[in-house]
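This report concerns only the one structure given below.
Within every chain, numbering begins at 1; the chains are lettered A, B, ... in the order of the sequence lines, protein sequences first and strands thereafter.
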Amino acid sequence: MAEKIYITTAIPYVNGVPHVGHAMDYLLADVCARYFDNSRFQAGTDEHGNKIFQKAKELNIPVQEYVDNNSKKFQDFIQRLGVEYTDFVRTTDQDHEKRVQEIWEKVKDRIYLAKYEGWYCTGCERYVTEKEYEENHGICPDHQKSYERLAEENYYFRLADFKDQIREAIESHRMRVLPEFREKEILKLIEDSPDVSISRPKSQLTWGVPVPGDENQVMYVWMDALCNYITVLGYPDKDISDSWPAYAQFVGKDILRFHAILWPAILLALGLELPKNIVSHGMILANGQKMSKSIGNVIDPIEVLDKHGTEAFRYFFLRHIDTFDDSDFTWEKFEDAYNNELANDLGNLVQRLATLCKKNNFVLENDDTPTEVESQYDNLMREFRFKEAFDEVWEKVQAINRQIDEDKPWSLAKNNETEKLKQVLSSEVTNLLEATNQLKPFLPETAKRIEEIFSGTIEPPKEPLFPKN
RNA sequence: CGUGGGGUAGAGCAGCCUGGUAGCUCGUUUGGCUCAUAACCAAAAGGUCGUUGGUUCAAAUCCAACCCCCACAACCA
């Protein structure tokens with residue numbers, strides 16, 4: 001058996017409930033994993049940091065209990081998306097914490113202690129950039145407080161040591177950054193990326209992994225969270241060479257820079273190979289606007305799932321949300337896609353074709369799986385252009401509707417042209433099964449149902465695949 | 001002079017890198033069919049391709065300038 005293809009998703013910060021945007025990582029990774037069915041699939045949750053610590057305090061529950069609950073919510077969410085992972089990592093796992101500390105020790109010669117000075121908001125409990133400071137005229141808009149000039153000691157990671165190697169890896173496509181326009185962005189960004197602060201004084205951050213050998217410092221998010229991709233495999237205790245380097249790492253564009261610059265630097269420091277592909281997707285907008293709690297336009301993915309189910313959810317987010325770029329979600333678009341495409345194009349096609357087969361006692365004779373031919377579909381899938389690949393599948397579905405209209409099997413039946421009728425139905429069903437095969441990574445349950453319907457005695461489903469409301 | 005993306009039919013988008021009759025989906029109008037979830041198929045209407053200039057036999061596509069929108073800018077997916 002060939003080695004497994006390792007696929008990863010970003011680990012969400014569990015200071016809230018699953019957001020519709022989280023779904024993109026999982027869905028894209030799942031499509032990829034299902035396409036190369038021999039894959040190892042990581043998912044997880046990021047559970048350290050002040051926001052979580054405070055949130056738990058506000059709710060007056062122990063922090064560990066709080067993150068346990070929230071992590072569970074994400075696991076349930078992933079399951080409801082029909083996404084099947086093989087490994088789940090939590091940054092509060094003991095194994096993870098221990099391994100991150102070991103990793104820290106291994107890259108110690110790339111880490112140095114330095115003073116950080118900047119404008120700090122005691123309300124937000126964070127430093128702001130010079131620019132933000134100027135734009136807000138020195139006053140935090142969220143808390144109406146003046147920023148304070150503070151200084152503290154942080155450990156920094158010597159990113160500068162690896163810039164050339166990383167740039168070379170990206171340019172040579174040894175490590176691909178997708179899509180292309182993001183690659184350009186990252187290549188520009190590398191130039192003036194400063195060393196990254198990877199710890200905080202304990203006085204400021206308690207809920208985190210202690211820095212080994214310095215009881216006054218706690219690891220800040222990056223070291224802790226990014227390393228999940230290898231700690232979950234067992235690094236450094238275990239040999240991870242059957243999974244690492246990852247074939248594809250899926251991330252949102254907002255955290256691409258950390259995955260395409262800092263993360264490779266850490267890997268290089270460890271002497272590990274770089275991932276083959278880093279695939280970034282866009283944000284989901286609501287009516288063209290960024291979703292935010294203050295505007296109140298947040299789409300709750302659970303509501304969408306409750307209303308329309310897993311398959312419809314996957315359909316919309318994989319075909320009508322661009323694989324790489326920002327896209328708009330509106331209920332109207334969702335419902336149009338459901339009715340016009342899932343119900344009318346595909347659902348109705350299955351229904352009419354199954355009925356035609358049944359009425360004419362047609363059974364597919366050689367249920368050999370359709371011959372797999374290298375096609376545009378495969379090219380697109382391998383380039384992670386899932387939406388376009390999905391379009392390709394849909395074109396096939398629509399072509400079968402056209403074919404049935406042209407063949408007019410009902411007339412053939414009326415005129416007793418049984419041979420021709422058999423031929424025509426056979427071709428139509430075969431085409432549908434071919435399309436179904438390609439549908440599998442996107443809509444696995446639907447594909448399974450269609451295959452069941454057309455195997456053996458063909459019986460149209462009593463309940464339509466996608467009932468209209 | 002921060003970085004990147006975008007401005008193409010009523011809406012949403014593709015085409016631009018590798019110039020050569022302006023395309024897709026939805027919506028609208030009309031016709032066809034009856035196997036099907038009032039579904040399916042066909043045809044039609046609808047565009048100064050942000051603005052101005054340049055290169056060229058030829059520009060949505062290349063170049064220059066400008067106008068407008070959006071995202072990112074050390075943790076709000």
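Aromatic pair Y338(A)/H308(A): centroids less than 6.0 angstrom apart. Close placement of the Y155(A) and W104(A) rings is indicated, their centers lying within 6.0 Å of each other. In this structure, the ring of Y315(A) has its center less than 6.0 angstrom from the ring center of W394(A). In this structure, F313(A) has its ring center at least 6.0 angstrom away from the ring center of F316(A).
Computed from coordinates, the L465(A) CG to A39(B) P distance equals 17 Å when rounded to whole Å.
One P atom belongs to C16(B), the other to G5(B), and the distance between them is 16 Å to the nearest Å. Taking the P atom of each, A14(B) and U52(B) are spaced 24 Å apart, rounded to whole Å. Rounded to whole Å, the P atom of C17(B) lies 15 Å from the corresponding atom of G7(B). For the C1' atoms, the distance from U28(B) to G20(B) is 33 Å, rounded to whole Å. Spacing of C1' atoms, G12(B) relative to G47(B), comes out at 15 Å, to the nearest Å. A77(B) sits 39 Å from C63(B) when the C1' atoms are compared, rounded to a whole Å. Using C1' as the reference atom, G53(B) and A59(B) are 13 Å apart when rounded to the nearest Å. Nucleotides U8(B) and U34(B) have their P atoms positioned 42 Å apart, rounded to a whole Å.
Ranked by how close their nearest RNA chain B nucleotide is to the 5' end, P467(A) and G21(A) are led by P467(A). Where N344(A) and L356(A) each meet RNA chain B at their nearest nucleotide, the meeting point lying more 5' is that of L356(A).
Base pairing annotation: A36(B) forms no Watson-Crick or G-U wobble pair, as no partner gives both donor-acceptor distances under 3.5 Å. With a cut-off of 3.5 Å on both pairing distances, A14(B) has no Watson-Crick or G-U wobble partner at all. Base pairing of A74(B) is not made with any nucleotide, judged by Watson-Crick or G-U wobble geometry with both donor-acceptor distances under 3.5 Å. Base pairing of U48(B) is not made with any nucleotide, judged by Watson-Crick or G-U wobble geometry with both donor-acceptor distances under 3.5 Å. Across every strand in view, U29(B) sits in a pair with A43(B) that passes the Watson-Crick or G-U test at under 3.5 angstrom.
Across all their heavy atoms, V89(A) and H96(A) have their closest contact at CG2-ND1, 4.3 Å.
Here R257(A) lies in heavy-atom contact (under 4.0 Å) with sugar-phosphate atoms only. F258(A) comes within 4.0 angstrom of nothing in the nucleic acid, heavy atoms only. Looking at heavy-atom distances under 4.0 Å, N15(A) makes no contact with the nucleic acid at all. No engagement by D328(A) is indicated, since no non-hydrogen atom pair under 4.0 Å with the nucleic acid exists. At the heavy-atom level, P464(A) lies under 4.0 Å from base atoms of the strands shown. Heavy atoms of R200(A) sit under 4.0 angstrom from at least one base atom. As judged by a 4.0 angstrom heavy-atom cut-off over every strand, D195(A) is placed among the base-contacting residues. Within the 4.0 angstrom heavy-atom criterion, no nucleotide atom of any strand lies near K408(A). Counting non-hydrogen atoms under 4.0 angstrom, I284(A) reaches a base of the nucleic acid.
By the 6.0 Å and 45° rule, K51(A) does not stack over the aromatic ring of W207(A).
K188(A) has a side-chain polar atom (N or O) that falls below the 4.0 Å cut-off from OP1 or OP2 of G4(B). Close to G4(B), at under 4.0 Å from its OP1 or OP2, lies no side-chain N or O of K253(A). At the phosphate of A39(B), OP1 or OP2 sits under 4.0 Å from a side-chain N or O atom of K468(A).
Side-chain to base pairing of N348(A) with A36(B): one donor and one acceptor N or O lie within less than 3.5 Å of each other.
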